[in-house]
Amino acid sequence: MQELSTKSSEVPGYAKACGILSLIVAIVGVVIPVIGVLFITPIAIVLGAIALYGGYKGMGIATLIIVTVNLIISPTFWANIGAGATFAGASGNRFLSYFDAIGVVVMLYLAVRKQK
């Protein structure tokens with residue numbers, strides 16, 4: 001009987017699940033441009049960071065690319081980062097925009113770090 005062993009290169013199940021979900025959520029965030037950056041993209045960033053932390057670099061990097069492109073092309077993101085977001089409730093939107101920006105940096109770090 002073959003013994004069950006885990007290789008160090010094997011990706012845990014939670015990382016696979018988070019990677020697949022993060023890619024799906026990131027694509028949905030691109031399709032819904034106005035509220036996607038503020039409410040859907042942070043979910044994709046958290047799931048993508050978990051996938052990258054777990055070692056599932058393929059889906060994590062794909063999510064990172066989609067999220068980065070989405071933030072670059074999103075006028076909602078840039079309006080909330082800039083000083084132009086002075087309407088009521090803008091502080092919550094600004095926090096989510098900064099969370100997106102910092103989350104992309106964290107995902108980039110997790111993508112390039114060496115696995116132990």
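One is the number of the first residue; the rest follow in order along the sequence. Just so it is clear, the model here is predicted, and its values are computed rather than measured.
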Closest approach of Asn93 to Phe39 (non-hydrogen atoms, all atoms of both residues): OD1-CZ, 4.4 Å
Can you name the closest pair of heavy atoms from Ala44 and Ser22 and give their distance? O-CB, 3.6 Å
For Trp78 and Val37: C-alpha separation, side-chain torsions, deciding distance, then whether side-chain contact (heavy atoms from CB on, under 4.5 Å) applies. CA-CA 10 Å; Trp78 293 109; Val37 171; over 6 Å; no
Side chains of Thr63 and Tyr56: does their closest heavy-atom pair fall under 4.5 Å? no
What closest approach, in Å, do Leu110 and Ala49 show between heavy atoms, and which atom pair accounts for it? CD1-O, 3.5 Å
Heavy-atom pair with the smallest gap, counting every atom of Gly103 and Ile45: CA-CG2, 3.6 Å
How about Ile66 and Val30: do any of their side-chain heavy atoms sit closer than 4.5 Å? yes
Exercise: identify the closest heavy-atom pair between Gly54 and Ala15: CA-CB, 3.8 Å
OG1-CG distance between Thr76 and Leu96, expressed to the nearest 0.5 angstrom: 12.0 Å
Do Thr41 and Asn70 have side chains that approach each other closer than 4.5 Å (heavy atoms only, starting at C-beta)? yes
Is the closest side-chain heavy-atom distance between Asp100 and Val67 below 4.5 Å? no
Count the heavy atoms belonging to other residues, nucleotides or ligands that lie under 6.0 Å from OH of Tyr109, then report whether that count exceeds 12. no
Minimal heavy-atom distance between Leu52 and Arg113, with the atoms involved, is O-NH2, 3.7 Å
